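For reference, the structure discussed in these notes is given below.
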Amino acid sequence: MMPAGNHTFFAPVTYILTGIPGMEESHVWISIPFCLMYFVTLFGNSLLLFIILTEQSLHQPMYLFVSMLAVADLLLSTTTVPKMLAVFWFGAGEISFAACLTQMFFIHVSFLAESAILLAMAFDRYVAICDPLRYTIILTKSVIGKMGLAVVTRSFCVIFPIIFLMKQLKFCRKNLLPHSYCDYMAITHLACDDITVSVWYGIAVAILVIGLDAVLIALSYGLLLRAVFQLPSKDARLKALRTCSSHLCVILMFYTPAFFLIFAHRFGHVIPDFILILLANFYVLIPPMLNPIVYRVTRKEILKWVINVFYRWCRGSSLRS
């Protein structure tokens with residue numbers, strides 16, 4: 001935290017994203033897997049959305065939540081990766097203060113939305129297994145729509161104060177942002193005045209919102225697993241567990257690196273900055289890329305659709321030849 005004395009304050013006009021500090025010579029090589037992962041993310045999530053929207057049998061609560069997750073993944077990756085690649089390829093790190101705040105806003109809104117959607121999906125799995133006879137009565141399309149609206153509203157209301165806090169900060173004549181996208185804490189630490197409120201608000205969001213979601217998900221799965229292991233048949237237990245496998249994989253991919261990065265930024269001063277930034281870059285790429293793959297592989301309805309389309313395409317190609 002920097003004292004306000006002996007500094008010339010100014011209203012920031014532009015920032016310069018530096019990419020990954022200490023790895024500038026490797027930016028082009030790093031960008032290759034990043035670019036490939038981004039295209040896989042776009043294709044995978046777009047295909048998943050297309051399958052769910054066009055296949056009438058998939059208009060079920062679970063798949064509607066999966067489609068929400070795909071939208072959040074597309075928003076998160078598209079908000080960050082194109083500018084990241086521009087920095088790596090062309091050194092085009094200049095970004096206006098307004099554009100930086102906009103990017104930061106959508107990154108964190110997407111992040112909170114994903115957390116809330118995963119919580120909603122945990123509730124969905126709990127009802128499906130513990131109260132299957134009332135599943136379609138409890139989770140109607142109207143209820144799911146309201147839950148989706150609540151996800152967006154909560155994310156907006158939690159992140160909007162960050163924009164207000166950023167606009168209240170005074171900055172010195174330093175606009176080099178040591179990151180490949182506009183991260184809240186990275187921008188905050190460029191300020192010259194007291195950033196205590198901004199830092200603690202970020203910590204509160206991480207602990208009270210993300211942490212609460214994780215606790216509620218763990219609680220729902222604890223109750224769910226207790227109900228599963230009380231089922232009389234081994235086959236019934238295995239079937240119930242299989243319905244949760246994809247969701248559990250997605251939860252682990254989201255929360256494990258999230259909490260690692262949160263605690264690393266707060267307490268891991270021994271970890272080099274370039275490693276933290278590299279991990280932060282992977283975090284906005286890997287979960288959005290893997291989520292649609294997990295659901296296509298583990299959900300037989302989606303996998304069956306993909307196999308049928310591939311079979312028809314191969315058959316059509318052989319007939320034309």
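Everything numeric here is computed off the predicted structure, so don't read it as measured data.
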Subject >> Residues forming a salt bridge (Lys or Arg N to Asp or Glu O under 4.0 Å) with Arg226, sequence neighbours excluded >> reply: none
**OP:** Could you tell me whether the side chain of Cys182 reaches within less than 4.5 Å of the side chain of Ile107, counting heavy atoms only?
**Re:** no
**OP:** Verify side-chain hydrogen bond (donor to acceptor under 3.5 Å, both in side chains) between Tyr135 and Asp124, making sure each step is shown before the conclusion.
**Re:** CA-CA 8 Å; Tyr135 179 63; Asp124 167 82; 2.5 Å; yes
**OP:** Assign the ring pair Phe34 / Phe88 to parallel, tilted or perpendicular, where the plane angle (0 to 90°) is split at 30° and 60°.
**Re:** tilted
**OP:** Kindly say whether Ile16 contributes a backbone atom to a donor-acceptor pair with the side chain of Asn175 at under 3.5 angstrom?
**Re:** no
**OP:** Spell out, as yes or no, whether a donor-acceptor pair under 3.5 Å connects the side chain of Gln103 to the backbone of Thr79.
**Re:** yes
Original post:
Quick check: does any side chain N or O of Asp131 sit under 3.5 Å from a backbone N or O of Val127, one acting as donor and the other as acceptor?
Top reply: no
Original post:
CG of Leu252 to CG of Leu290: how many Å apart, nearest 0.5 Å?
Top reply: 12.5 Å
Original post:
Does any N or O in the side chain of His179 come within less than 3.5 Å of the main-chain N or O of Gly19, such that one atom is a donor and the other an acceptor?
Top reply: no
Original post:
Can you name the disulfide bond (SG atoms under 2.5 Å apart) partners of Cys35, sequence neighbours left out?
Top reply: none
Ignoring hydrogens and angles, write down the donor-acceptor pairs under 3.5 Å from the side chains of residues 154-166, residues two or more places apart or on other chains.
{"from": "Arg154", "atom 1": "NH1", "to": "Asp213", "atom 2": "OD1", "distance (Å)": "3.0"}
{"from": "Arg154", "atom 1": "NH1", "to": "Asp213", "atom 2": "OD2", "distance (Å)": "3.3"}
{"from": "Arg154", "atom 1": "NH2", "to": "Leu112", "atom 2": "O", "distance (Å)": "3.4"}
{"from": "Arg154", "atom 1": "NH2", "to": "Asp213", "atom 2": "OD2", "distance (Å)": "2.8"}
{"from": "Ser155", "atom 1": "OG", "to": "Ala113", "atom 2": "N", "distance (Å)": "3.3"}
{"from": "Ser155", "atom 1": "OG", "to": "Val151", "atom 2": "O", "distance (Å)": "2.8"}

Original post:
Do the side chain of Tyr63 and the main chain of Ser57 share a donor and acceptor less than 3.5 angstrom apart?
Top reply: no
**OP:** Verify, without hydrogens or angle tests, whether Ser96 (side chain) and Ala99 (backbone) share a donor-acceptor contact under 3.5 angstrom.
**Re:** yes
**OP:** Could you tell me which residues satisfy salt bridge (Lys or Arg N to Asp or Glu O under 4.0 Å) with Asp273, sequence neighbours excluded, listed by chain and number?
**Re:** none
Original post:
Counting distance only, does the side-chain N/O of Ser245 pair as donor-acceptor with the main-chain N or O of Arg242 below 3.5 Å?
Top reply: yes
**OP:** For Arg237, check salt bridge (Lys or Arg N to Asp or Glu O under 4.0 Å) against everything at least two apart and list the hits.
**Re:** none
Subject >> Neighbour count above 12 (heavy atom, 6.0 Å) for Glu94 CD >> reply: no
Subject >> Closest non-hydrogen atom pair, Ser180 against Met84 >> reply: CB-CG, 3.7 Å
Original post:
Looking at Tyr221, Phe254, Tyr295, Phe65, which one forms a ring-ring contact (aromatic ring centres under 6.0 Å, His included) with His247?
Top reply: Tyr221
**OP:** Quick one: list whatever passes ring pair (Phe, Tyr, Trp, His ring centres under 6.0 Å) with Tyr283, sequence neighbours left out.
**Re:** Phe111
Original post:
What pair of heavy atoms forms the shortest contact from Tyr181 to Thr80, and how long is it?
Top reply: CG-CG2, 4.2 Å
Original post:
How about Leu53 and Ser67: do any of their side-chain heavy atoms sit closer than 4.5 Å?
Top reply: no
Original post:
Can you check whether Met121 reaches Val250 side chain to side chain, under 4.5 Å on heavy atoms?
Top reply: no
**OP:** Check for a donor-acceptor pair, side chain of Gln230 on one end and backbone N or O of Val228 on the other, with a separation under 3.5 Å.
**Re:** no
Subject >> Candidate pair Ile138 and Val143, rule side chain to side chain contact (heavy atoms under 4.5 Å, CB included), full reasoning >> reply: CA-CA 8 Å; Ile138 296 174; Val143 170; 5.9 Å; no
Original post:
Are there more than 12 heavy atoms of other residues, nucleotides or ligands under 6.0 Å from atom CZ of Phe43?
Top reply: no
**OP:** Please test Ser246 against Val66 for side chain to side chain contact (heavy atoms under 4.5 Å, CB included), starting from the C-alpha separation and ending with a verdict.
**Re:** CA-CA 11 Å; Ser246 54; Val66 170; over 6 Å; no
Original post:
Below 4.5 Å, heavy atoms only, C-beta onward: do Met23 and Ile277 meet side chain to side chain?
Top reply: no
Subject >> Expected output: side-chain Asn45 to main-chain Pro288 donor-acceptor under 3.5 Å >> reply: yes
